[in-house]
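Accompanying notes for the structure given below.
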Amino acid sequence: MHTADVVLIGGGIVGSSVAYHLVAAGCKNVLVLERETTQGKGSTGKSMGGVRAQFSTPVNIQMSLYSIPFYASFEERLGYPCDYRPQGYLFCATSEKHMSYLRSNYEKQIAMGLKNVRLVAGDEIRGQFPLLRGDDIVGGSFCSTDGFVDPYSAMNGFMTWASDHGATLWKNADVTGMSRNIHDGGFEVRSTRETVSTRTVVNCAGPWADPVAKMVGIDLPIEPLRRMLVPTEPFDQFPHTAPMIIDMSNGFHFRPESRGFLLAWNDPEETPGYKADFDAGFIEKILTRAADRVPVFENVAVNPKRAWAGLYEMTPDHHPILGESREVPGFFFANGFSGHGVMHAPATGKILSDLILTGKTDLIDATLLNFSRFAEGRMIHETAVL
Ligand SMILES: Cc1cc2nc3c(=O)[nH]c(=O)nc-3n(C[C@H](O)[C@H](O)[C@H](O)COP(=O)(O)OP(=O)(O)OC[C@H]3O[C@@H](n4cnc5c(N)ncnc54)[C@H](O)[C@@H]3O)c2cc1C
């Protein structure tokens with residue numbers, strides 16, 4: 001039977017980053033099992049590619065403080081590009097309640113050591129972006145090292161580096177079940193390619209994390225939730241140097257992409273489920289919000305055929321589940337990123353690699369994000385979810 005020191009289930013950006021960090025730390029016999037014929041068909045290939053440190057909880061800020069500098073030096077470290085563009089994230093508050101929320105987040109971010117974040121006045125936003133409808137904007141917060149990456153390139157960079165240095169990626173390897181080996185306490189991982197024997201399994205299955213966890217008898221509180229994105233046709237009436245701009249009155253946000261813009265809005269009426277189809281009715285809903293905040297978007301053209309849908313992997317407290325299962329020793333989670341899996345993939349890879357190889361990590365207090373927090377009533381709620 002094929003053997004590996006560590007088996008990763010799922011070859012999206014998270015599995016790829018865990019593979020990279022394990023190999024870089026000297027653990028070379030790593031096998032990644034990906035059920036698709038190519039990588040990136042899960043959430044990674046559907047992502048908006050936003051990276052930010054402007055979060056409301058210290059642990060999420062810490063994950064970004066590792067991940068964003070990592071993306072900034074990605075090509076230097078790995079030899080492959082990830083197309084990090086530090087154009088910033090600008091949160092625009094339209095009420096005093098939102099402004100005081102941003103102020104309290106800002107204080108936490110500064111306390112954690114984030115350097116490039118600042119609060120901005122409404123007049124500054126109106127001066128800098130006269131094409132935004134700014135009459136109701138009371139202020140905002142901006143971080144210049146936030147920005148965008150190309151998730152697909154980052155995933156490929158991680159996995160190519162890992163493969164070049166010892167890891168193995170099997171595509172068309174759908175994991176269908178797992179059993180414990182009664183002789184050595186390890187796992188037999190059954191896949192459509194081959195069965196693999198290992199002592200350590202990492203669940204990197206994105207929105208399919210719960211079905212994979214069920215193979216070892218664990219129910220994960222992770223629900224798939226559809227998110228839809230609408231790219232515009234080429235459009236030059238708004239500056240392409242713009243950051244990700246978030247209208248806090250309704251959650252509409254957008255960023256430059258190629259010669260046009262990528263428009264996003266999370267429909268509060270969306271319900272959980274494995275829904276991967278794009279709903280054409282969404283176009284009108286999002287364009288209404290787009291034109292309300294950016295009146296020149298009334299002239300923007302969109303081709304519904306280029307719009308897409310993907311799945312967020314939501315946990316009840318909007319934080320990931322990281323680390324080893326107490327119930328099934330040797331089975332690790334890297335799941336439930338609640339819309340932040342691209343930006344937090346570098347930190348996740350480092351944390352998982354540390355925990356697998358040494359049993360501890362300095363990057364975060366890993367007990368905060370373990371699976372036991374749900375049973376023990378220790379949820380920590382992230383509210384800055386887009
Ligand atoms: C529309 C949209 C916009 C987003 N925008 C952002 C953003 O701006 N910034 C950000 O940080 N995040 C964003 N996200 C979230 C981000 O894309 C995800 O959190 C991230 O891609 C998760 O990566 P992953 O590797 O865990 O999952 P995935 O990319 O889904 O990879 C999981 C892999 O596991 C494989 N798999 C599943 N089951 C099995 C099995 N049984 N056997 C073998 N393989 C299996 C799948 O085929 C898949 O390739 C967005 C998501 C969506 C949908």
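Values below: all heavy atoms of this structure, side chains included; hydrogens, waters and symmetry mates excluded. Just so it is clear, the model here is predicted, and its values are computed rather than measured. First listed ligand is number 1; within each ligand, the first listed atom is number 1.
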For residues [X] and [Y], is any side-chain donor paired with an opposing acceptor at under 3.5 Å?
X: Asp146; Y: Gln54; value: yes
X: Asp83; Y: Tyr152; value: no
X: Thr57; Y: His319; value: yes
X: Tyr101; Y: Thr383; value: yes
X: Arg199; Y: Asn181; value: no

Give yes or no for whether the N/O distance cutoff of 3.5 Å, strictly under, is met between [X] and ligand 1.
X: Gly50; result: yes
X: Val175; result: yes
X: Met215; result: no
X: Trp308; result: no
X: Tyr89; result: no
X: Gly310; result: no
X: Ile13; result: yes
X: Met343; result: yes

So which heavy atom in the protein is nearest [atom], and how far is it from that ligand atom?
atom: atom 34 (O) of ligand 1; answer: Gly10 CA, 3.2 Å
atom: atom 40 (C) of ligand 1; answer: Asp174 OD1, 3.5 Å
atom: atom 44 (N) of ligand 1; answer: Arg35 N, 3.2 Å
atom: atom 25 (O) of ligand 1; answer: Val14 N, 3.0 Å
atom: atom 28 (P) of ligand 1; answer: Ser43 N, 3.5 Å
atom: atom 5 (N) of ligand 1; answer: Met48 N, 3.0 Å
atom: atom 20 (C) of ligand 1; answer: Gly341 CA, 3.9 Å
atom: atom 12 (N) of ligand 1; answer: Gly339 O, 2.9 Å

Cationic N near anionic O, under 4.0 Å, [X] to [Y]:
X: Glu298; Y: Arg293; answer: no
X: Lys214; Y: Asp219; answer: yes
X: Glu34; Y: Arg193; answer: no

Would you indicate whether the side-chain heavy atoms of [Y] and [X] approach each other to under 4.5 Å?
X: Ile364; Y: Leu369; value: yes
X: Arg378; Y: Ser372; value: yes
X: Tyr274; Y: Pro211; value: yes

How does [X] reach ligand 1, by side chain, by backbone, by both or by neither, if only non-hydrogen atoms under 4.0 Å count?
X: Ala345; value: neither
X: Ser16; value: neither
X: Leu386; value: neither

Within ligand 1, which atoms have a heavy atom of [X] less than 4.0 Å away?
X: Ala173; value: 42 (N), 43 (C)
X: Leu33; value: 43 (C), 44 (N)
X: Thr44; value: 21 (O), 23 (O), 25 (O), 28 (P), 29 (O)
X: Gly49; value: 7 (C), 8 (O)
X: Leu229; value: 1 (C)
X: Arg227; value: 1 (C)
X: Pro207; value: 30 (O)

Original post:
Which is closest to atom 46 (C) of ligand 1 by heavy-atom distance: Glu34, His344, Glu36?
Top reply: Glu34

Original post:
Should one rank Met155, Gln39, Lys46 by closest heavy-atom distance to atom 1 (C) of ligand 1, which comes out on top?
Top reply: Lys46

Is [X] close enough and on-axis enough to [Y], meaning under 6.0 Å and within 45°, for cation-pi?
X: Arg77; Y: Phe74; value: no
X: Arg227; Y: Tyr312; value: yes
X: Arg326; Y: Phe371; value: no
X: Arg35; Y: Trp208; value: yes

**OP:** Answer with yes or no whether Lys41 contacts ligand 1, where contact means a heavy atom under 4.0 Å from a ligand atom.
**Re:** no

**OP:** Determine, using heavy atoms of Ala209 and all atoms of ligand 1, whether some pair is separated by less than 4.0 Å.
**Re:** no

Original post:
Which pair of heavy atoms, one from Ala290 and one from Leu263, lies closest together, and at what distance?
Top reply: CB-CD1, 4.3 Å

Original post:
Is the ring centre of His344 less than 6.0 Å from the ring centre of Tyr66?
Top reply: no

